Engineer: 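One structure coming up, written as structure tokens, with questions to follow.
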Amino acid sequence: MAHWVRVASADEIPAGEGKYVEVDGEPIALFHVDGQFYAISDTCTHEEASLSEGELDGEIVECALHGARFNVRTGQVVSLPAVVNVQTYPVRVVGNDVEVEI
Ligand code: FES
């Protein structure tokens, strides 16, 4: 059953940056874009690199390994070599806590 899990403090992730978190064994990349937080699967759908280590430009993250790009808000792949979207997870901020629903 889905439930909310605290994964970070809002003030520990500066805007324009990401963080790797694990929730119930799921590797998740959490990103801060202009005051909003987004969570996607951390595993690139191309060859399984960690997307939290990628470069964030607006709401687009570029995989550090081969440069595939994904929209962190929608999970949509926006450039090759990946062709499969990444899973997204609902995020909410409660006080200073960032929570992911999984
Ligand atoms: S592993 Fe991410 S683009 Fe290849």
Side-chain angles (χ1 to χ4, degrees):
M1 190 165 152
H3 57 285
W4 292 95
V5 178
R6 181 193 181 281
V7 292
S9 298
D11 56 11
E12 79 182 71
I13 309 171
E17 297 203 5
K19 177 184 165 79
Y20 173 83
V21 298
E22 227 175 81
V23 183
D24 292 359
E26 292 290 322
I28 290 175
L30 185 66
F31 294 102
H32 181 182
V33 180
D34 285 338
Q36 300 289 322
F37 290 87
Y38 300 103
I40 60 173
S41 169
D42 185 58
T43 307
C44 181
T45 57
H46 179 232
E47 284 187 4
E48 304 196 351
S50 172
L51 291 175
S52 58
E53 293 173 11
E55 180 98 4
L56 188 63
D57 179 12
E59 57 186 40
I60 304 297
V61 64
E62 182 173 311
C63 178
L65 198 52
H66 309 110
R69 300 166 85 226
F70 299 87
N71 185 307
V72 301
R73 187 171 53 80
T74 64
Q76 254 191 328
V77 62
V78 293
S79 71
L80 297 169
V83 294
V84 177
N85 298 339
V86 284
Q87 183 174 352
T88 60
Y89 299 88
V91 179
R92 70 182 182 186
V93 178
V94 180
N96 192 42
D97 293 337
V98 183
E99 298 180 347
V100 170
E101 187 178 38
I102 192 158

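Heavy atoms only: backbone and side chains are in, while hydrogens, waters and symmetry mates are out. If you read the sequence from its start, that first residue is 1, and numbering goes on from there. Treat the numbers as computed from the prediction; the structure is a model and nothing was measured.
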Engineer: Would a hydrophobic clustering, with Ile, Leu, Val, Met, Phe, Trp and Tyr connected at side-chain separations under 4.5 Å, put Phe37 with Val5?
Structural biologist: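 Yes, Phe37 and Val5 fall within the same hydrophobic cluster.
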
Engineer: Hydrophobic cluster membership, with links at side-chain heavy-atom distances under 4.5 Å among I/L/V/M/F/W/Y: are Tyr20 and Val23 in one?
Structural biologist: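 Per the 4.5 Å side-chain linkage, Tyr20 and Val23 are not co-clustered.
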
Engineer: Just wondering, are more than 12 heavy atoms of other shown residues or ligands nearer than 6.0 Å to CG in Asp57?
Structural biologist: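 Incorrect, the count does not exceed 12.
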
Engineer: So, taking the atom named OG1 in Thr45 and the one named CD in Gln87, what distance separates them when rounded to the nearest 0.5 Å?
Structural biologist: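 Result: 12.0 Å between the selected atoms.
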
Engineer: Return the set of residues passing side-chain contact (heavy atoms from CB on, under 4.5 Å) with His46 (not counting sequence neighbours), or none when no residue passes.
Structural biologist: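 Once residues adjacent in sequence are excluded, the partners of His46 under the side-chain contact (heavy atoms from CB on, under 4.5 Å) criterion are Cys44, His66, Pro81, Ala82.
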
Engineer: Taking atom CD as the centre, does Glu48 end up with more than 12 heavy-atom neighbours from other residues, nucleotides or ligands that are less than 6.0 angstrom away?
Structural biologist: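 Counting other residues, nucleotides and ligands, CD of Glu48 stays at 12 neighbours or fewer.
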
Engineer: For Glu62, what residues pass the side-chain hydrogen bond (donor to acceptor under 3.5 Å, both in side chains) criterion, not counting sequence neighbours?
Structural biologist: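 Here no residue qualifies.
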
Engineer: In this structure, are over 12 heavy atoms from other groups packed under 6.0 Å from Asp11 atom CG?
Structural biologist: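 Yes.
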
Engineer: Of all heavy-atom pairs between Leu51 and Cys63, which one has the smallest distance, and what is that distance?
Structural biologist: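 The pair with the smallest heavy-atom distance is CD2-CB, 3.8 Å.
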
Engineer: Please give me the minimum heavy-atom distance between Val61 and Phe31, naming the atom from each residue.
Structural biologist: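 Distance-wise, the nearest heavy atoms are CG2-CZ, 3.8 Å.
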
Engineer: So, using side-chain hydrogen bond (donor to acceptor under 3.5 Å, both in side chains) as the criterion, who are the partners of Ser79 when residues are at least two apart?
Structural biologist: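 With neighbours one apart ignored, the set is empty.
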
Engineer: For Ala8 and Ile13, work out which heavy atoms get closest and say how close.
Structural biologist: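 Shortest heavy-atom contact: CB-CD1, 4.1 Å.
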
Engineer: Quick check: closest heavy atoms across Leu30 and Ala39, and the distance to 0.1 Å?
Structural biologist: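 The answer is CD1-CB, 4.1 Å.
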
Engineer: Taking the side chain as C-beta and beyond, is there a heavy-atom pair between Val94 and Trp4 under 4.5 Å?
Structural biologist: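 No, side chains not in contact.
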
Engineer: Please tell me whether Val91 and Leu56 are part of a single hydrophobic cluster in this structure, the criterion being side-chain heavy atoms less than 4.5 Å apart.
Structural biologist: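 No, Val91 does not connect to Leu56 through the hydrophobic network.
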
Engineer: Crowded around Glu22 CD? As in, over 12 foreign heavy atoms under 6.0 Å?
Structural biologist: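 Yes - once you tally the heavy atoms of other residues, nucleotides and ligands closer than 6.0 Å, there are more than 12.
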
Engineer: For Glu26, check side-chain contact (heavy atoms from CB on, under 4.5 Å) against everything at least two apart and list the hits.
Structural biologist: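 Residues passing side-chain contact (heavy atoms from CB on, under 4.5 Å) with Glu26: Ile28, Tyr89, Ile102.
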
Engineer: If you group Ile, Leu, Val, Met, Phe, Trp and Tyr by side-chain heavy-atom gaps below 4.5 Å, do Val77 and Leu65 land in one group?
Structural biologist: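 They do not share one cluster, since no chain of ILVMFWY contacts under 4.5 Å joins Val77 to Leu65.
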
Engineer: What pairs with Glu59 under side-chain contact (heavy atoms from CB on, under 4.5 Å), at least two apart in sequence or on another chain?
Structural biologist: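 Partners of Glu59 under the side-chain contact (heavy atoms from CB on, under 4.5 Å) test: Val33, Asn71, Val72, Arg73.
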
Engineer: Show the nearest heavy-atom pair for residues Glu99 and Arg6, with the distance to one decimal.
Structural biologist: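 Closest approach of Glu99 to Arg6: CG-CA, 3.9 Å.
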
Engineer: Can you list everything that forms a side-chain contact (heavy atoms from CB on, under 4.5 Å) with Val78? Sequence neighbours excluded, please.
Structural biologist: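 If we apply the side-chain contact (heavy atoms from CB on, under 4.5 Å) test to Val78, skipping adjacent residues, the hits are Ile60, Arg69.
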
Engineer: Could you tell me the separation between the NZ atom of Lys19 and the CD atom of Glu53, rounded to the nearest 0.5 Å?
Structural biologist: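 CD of Glu53 is found 13.0 Å from NZ of Lys19.
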
Engineer: I need the minimum non-hydrogen distance between His32 and Ala15, along with the two atoms involved.
Structural biologist: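 Heavy-atom minimum between the residues: ND1-N, 3.2 Å.
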
Engineer: Would a single hydrophobic cluster contain both Val93 and Tyr38, if residues Ile, Leu, Val, Met, Phe, Trp and Tyr are joined by side-chain heavy-atom contacts under 4.5 Å?
Structural biologist: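 Unlinked, Tyr38 and Val93 end up in two clusters.
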
